[in-house]
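This report refers to the structure that appears directly beneath it.
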Amino acid sequence: MQYTPKTTDFFQNVFAIVRLVPKGRVTTYGAIAKYLGTGGSARMVGWAMNASHGVKPKVPAHRVVNRNGMLSGKAHFETPHQMEALLLKEKIKVKNEVVVDFEKLFWDPNVEIGI
DNA sequence: GCATTGACGAAGG
DNA sequence: CCCTTCGCCAATG
């Protein structure tokens with residue numbers, strides 16, 4: 001895909017944040033959007049994730065879930081089982097397509113990195 | 001160029 | 001408390 005310079009920058013920012021998420025932790029689309037200053041446009045973060053396939057270094061998109069901790073993007077992986085498998089690999093428990101103890105595992109860039 | 005969609009989120013009924 | 005609607009902004013038809 002060909003993006004405008006501005007859009008590319010936004011996408012790269014999203015990728016950068018996602019790669020900063022520690023192993024065994026998760027974050028949300030909204031938190032990333034807020035950190036980037038785009039606030040309510042959490043959808044754009046999801047859009048960026050959609051473009052993260054094949055990006056190097058690999059973007060741990062499986063650590064990004066919606067605000068309920070639900071694996072809303074699992075269908076976009078190579079296989080719907082992939083996201084869940086990767087999370088379990090990092091000791092993150094998944095129950096009924098939802099991250100267990102999501103609040104404890106939640107990694108907010110606005111807090112961890114600094115506002 | 002207008003209409004629809006989308007890995008979201010908050011608010012309203 | 002569940003379901004619907006609206007706002008967000010870019011990409012796609």
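Computed from a predicted model, the values in this text were never measured in an experiment. The figures that follow rest on heavy atoms only: side chains count, while hydrogens, waters and symmetry mates do not.
Contact check for A:R19 versus A:V59: side-chain heavy atoms found under the 4.5 Å cut-off.
Contact annotation for A:H53: base contact, defined as any heavy-atom pair under 4.0 Å involving a base atom. Residue-level contact check: A:A61 touches the bases, meaning some heavy atom is under 4.0 Å from a base atom.
Counting all heavy atoms, side chain and backbone alike, A:T28 lies closest to A:A31 at OG1-N, 3.0 Å.
A:F77 and A:L71 end up in the same hydrophobic cluster when Ile, Leu, Val, Met, Phe, Trp and Tyr side chains are linked at under 4.5 Å. No chain of hydrophobic side-chain contacts below 4.5 Å, direct or via other Ile, Leu, Val, Met, Phe, Trp or Tyr residues, connects A:V98 to A:I92. With hydrophobic clusters built from ILVMFWY side chains whose heavy atoms lie under 4.5 angstrom apart, A:M70 does not share a cluster with A:V26. Placement of A:M49 and A:L20 within a single hydrophobic cluster is found when ILVMFWY residues are connected by side-chain heavy-atom separations under 4.5 Å, directly or transitively. Criterion: ILVMFWY side-chain heavy atoms under 4.5 Å apart, direct or through other members. Under it, A:V55 and A:V14 are part of a common hydrophobic cluster.
Between atom NZ of residue A:K91 and atom CG of residue A:L105 there is a gap of 13.5 Å, rounded to the nearest 0.5 Å. Here the CD1 atom belonging to A:I17 is positioned 6.0 Å from the CH2 atom belonging to A:W107, to the nearest 0.5 angstrom.
Taking atom P in both C:dC2 and B:dA7, one finds a spacing of 23 Å when rounded to whole Å. Across B:dG1 and C:dC8, the matching P atoms stand 23 Å from one another, rounded to whole Å.
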Summarise protein proximity over nucleotides 1-7 of chain C in one line of letters, 5' to 3': B for base, S for sugar-phosphate only, - for none, counting protein heavy atoms closer than 4.0 Å.
-> ------B
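The span of DNA chain B lying next to chain A, judged by atoms under 4.0 Å from heavy atoms, is bounded 5' to 3' by B:dG6 to B:dA10.
A salt bridge is defined here as a Lys NZ or Arg NE, NH1 or NH2 lying under 4.0 Å from an Asp or Glu carboxylate O, and A:E90 with A:R63 meets this definition.
Within residues 76-93 of chain A, the residues approaching DNA chain B are A:H76, A:F77, by heavy-atom distance under 4.0 Å.
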